[in-house]
Amino acid sequence: MLRSHTCGELRAEHADERVTLCGWVQNRRDHGGLLFIDLRDRYGVTQCVLDPDAGEAAEIADRVRLEWVVRVSGSVRLRPENKQNPDRETGAVEIVVDGFEVLSRADPLPVAVTGAERSSEELGLRYRYLEFRRPEVRRALEVRAQVNRIVRDYMHELEFVEVETPILMKSTPEGARDYLVPSRVHPGEFYALPQSPQLLKQILMIGGLDRYWQIARCFRDEDLRADRQPEFTQLDLEMSFVEEEDVQAVMEGLLRRLTSEVAGVELPTPFARMSYADAVETYGTDKPDLRFGLPVRDVTDALSASAFVVFKGAIDAGGRVRCIALAPEYSMSRKQLDALPAVVADRGARGVAWVKVRADGWAGPVAKHLTEAERAALTEATACVDGGTLLFLAGPRSVVEPASGDLRLHLGKAFGLRDPARFEAVWVTEFPMYEVVEETGALVAKHHPFTAPVAEDIPLLETDPASARARAYDLVLNGEEIAGGSIRIHDRAVQGTIFRQLGIDEAEAQERFGFFVEALRYGVPPHGGIASGLDRVAASLAGFEQIRDVIAFPKTTSAADLMSGAPSRVDQAQLDDLHVSLTECAPDDDGASE
RNA sequence: GGGGGUGUAGCUCAACUGGUUAGAGUACCAGACUGUCGAUCUGGAAGUUGCGGGUUCGAGUCCCGUCACCCUCGCCA
């Protein structure tokens, strides 16, 4: 070892010991005769002192600059009482240096690594390794590692078998766009990177593994968001001879342990359950943030006879009027109220009507359109009280539902109700089997085509498929979907029905999922499972808004890696090997691929 | 593909309605200083205002185009 201790471990009891430390020069304070150098490594920062009589060591140290890597030897000295630094764990001591060695010089850094100033995200990604020198950035990776360790321990305790599935897979398009890898030995053919190991884990169940798990990298070639990367990591698991509650119990136990050990929060189990229909009705979304109330109420009935053009127009067209009631302590200024329409404009909502509830007469632009009977009905429906405010959204259900969810979230943020230290988990259940594509009327699987229907809804598959419910469940934590799973179809006849309804005929099913359809013939245990987005889980536990923060080398919104320069052009010889020719290709103008 | 935001010294930022030589902190270079811990003090160097056009006597500022990054709608079974 080049060192005897780390930069974070020396305390008063080490006084007078001889030590050798290695690290980066975080700061230097040159007093002419006396020179202080703060030495940093992963574990902390230790102050080193060079007296003029340190001789050659002092001469070398004098030339050292920020972020050089050095090795110092000396003795630990207890600092005088009034010279100790209580803000630093090693602040009681300092190293009196008598040996100083430069291990590596450093150019001035292109990003800020110490202090409150943080360089732009763009530079941070370009020089990601320099960001790791910041403790808060390193902490994110440490949380990530801790999550992985807890997951691994837990799954092994429950006797799940860890199985690695291939990265080079068959393309089974449906849902997200695949990342493709051309085959050299099979001209014109391609592998796909897995969007998830879905079919493989079901096949493991058919193979009798009984309980499988894996930390699986997944790839989806779709546009990015703050909570979406083109490659991301899932905890993937599957169990045989189980029902919903069995899978959910495994996940609850895990999340409970994670929040306890990582965030110090004890989650009560079992978690709350809420049907998809209730979630959308009450929170305007299938991933409700239950850290705060502000439920959305449907007041269409209360206003069914309204003459007010905004309400009447929506209701006559078959739409709904939805209302959020604000308690008196959440009163909003006119300016804040005027800002609300912009919040819901994305969803196509025309505006947000509002009225102030006052015992001595309701106020606001909408008040005059409300009859006494309507006020009574609204009071009944929303439980509003004197001093409160009612916010209304009116329009088609497809607009008003998501808009009400956005509005509720906006209010939660605006009133500071989203406590980052709180964790509220809820299972959303009874998802519909299908979504109906508006333009064509075609059915698309809401979850995926291997999800089992609720038994009593099987007859509905033929008569009213759009209202058939799936045995699917999502785990929602603080308004974020952190896991989703289902009980799978284990009956090939049912699987055939689902394929047919999705417009996948036998030949196509054979072409795309042939290996899986064949496997369904040879004895399939009833099974189900779940996959959890570990990037989101880690970000959530560590209090980060973006999953980029808990990914060591994340990609930008345009799926580029600013550090390595990927993606980039490749040699013609490589393309030739792969039997790939480029058709349309803009001139190389990004300058990044020289 | 659409909408919004950002882009000025290595870094973080400033520059009113278009107007003199684009400033400050920090880092860097040189010097001073024996108890600092965001050390302090003196001096210096440092700019294609993302890029390309245009309007104007004059553009960091206005217009058009374009690139990068961030947020977002669509998309993400």
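We name chains A, B, ... by the order of the sequence lines, and we start the count at 1 in each one.
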Complementary nucleotide for [N] - Watson-Crick or wobble, under 3.5 Å:
N: B:rG52; result: B:rC64
N: B:rC69; result: B:rG5
N: B:rC37; result: none
N: B:rC57; result: B:rG19
N: B:rG44; result: B:rC28

We want to know whether [X] and [Y] form a side-chain donor-acceptor pair, criterion being a heavy-atom distance below 3.5 angstrom.
X: A:Q214; Y: A:T165; result: yes
X: A:E131; Y: A:Y129; result: no
X: A:Q501; Y: A:Y434; result: yes

Once you round it to whole Å, what is the distance between [atom2] of [N] and [atom1] of [X]?
X: A:D223; N: B:rG3; atom1: CG; atom2: C1'; result: 14 Å
X: A:D30; N: B:rA27; atom1: CG; atom2: C1'; result: 16 Å
X: A:D227; N: B:rC70; atom1: CG; atom2: C1'; result: 14 Å
X: A:D53; N: B:rU34; atom1: CG; atom2: C1'; result: 11 Å
X: A:R28; N: B:rA27; atom1: CZ; atom2: P; result: 11 Å
X: A:D549; N: B:rC70; atom1: CG; atom2: P; result: 12 Å
X: A:R126; N: B:rG50; atom1: CZ; atom2: P; result: 19 Å
X: A:I37; N: B:rG35; atom1: CD1; atom2: C1'; result: 15 Å

Distance criterion of 3.5 Å, no angle test: do you see the side chain of [X] paired donor-to-acceptor with the base of [N]?
X: A:R177; N: B:rG74; answer: no
X: A:N85; N: B:rC37; answer: yes
X: A:R225; N: B:rC70; answer: no
X: A:N82; N: B:rG35; answer: no
X: A:R228; N: B:rC75; answer: yes
X: A:E222; N: B:rG74; answer: no
X: A:E117; N: B:rU26; answer: no

Give the minimum heavy-atom separation between A:V494 and A:P453, together with the two atoms involved. CG1-CD, 4.1 Å

Measure across A:E401 and A:R322 and return the closest heavy-atom pair with its distance rounded to 0.1 Å. CG-NH2, 3.6 Å

Return no unless some side-chain N or O of [X] is found under 4.0 Å from OP1 or OP2 of [N].
X: A:Q84; N: B:rC37; result: no
X: A:S120; N: B:rC69; result: no
X: A:S558; N: B:rA68; result: no
X: A:T556; N: B:rA68; result: no
X: A:R65; N: B:rC29; result: yes
X: A:R347; N: B:rG74; result: yes
X: A:R548; N: B:rC71; result: yes

If you check the [X] side chain, which of [options] turns out closest?
X: A:R88; options: B:rU72, B:rG35, B:rC37; answer: B:rC37
X: A:E122; options: B:rC70, B:rU36, B:rA68; answer: B:rA68
X: A:P108; options: B:rC37, B:rC28, B:rC70; answer: B:rC28
X: A:S119; options: B:rU36, B:rC71, B:rC11; answer: B:rC11

Output the distance between atom CG (A:L193) and atom CD (A:Q195), rounded to the nearest 0.5 Å. 10.0 Å

What's the spacing between A:D406 CG and A:L411 CG if we round to 0.5 Å? 11.0 Å

Position toward the 5' end of RNA chain B (nearest nucleotide), A:E94 or A:L562: A:E94

Assert: residue with more 5' nearest nucleotide on RNA chain B, out of A:G32 and A:L66, is A:L66

Using atom [atom1] in both nucleotides, what's the gap between [N] and [M] to the nearest angstrom?
N: B:rG7; M: B:rC63; atom1: P; result: 15 Å
N: B:rU56; M: B:rC70; atom1: C1'; result: 34 Å
N: B:rG18; M: B:rC71; atom1: P; result: 33 Å
N: B:rG23; M: B:rG58; atom1: P; result: 22 Å
N: B:rC41; M: B:rA24; atom1: P; result: 15 Å
N: B:rC76; M: B:rA59; atom1: C1'; result: 44 Å
N: B:rU66; M: B:rU20; atom1: P; result: 32 Å
N: B:rA9; M: B:rA22; atom1: P; result: 14 Å

Do the ring planes of A:F513 and A:F499 sit parallel (below 30°), tilted (30 to 60°) or perpendicular (above 60°)? parallel

NA contact type, A:L123, heavy-atom cut-off 4.0 Å: base, sugar-phosphate, or nothing? sugar-phosphate

At under 4.0 Å between heavy atoms, what does A:P52 touch on the DNA or RNA strands: base, sugar-phosphate, or nothing? base

Test side-chain contact (heavy atoms from CB on, under 4.5 Å) applied to A:K287 and A:V476, A:N478, A:I482, A:L477, the passing residue: A:V476

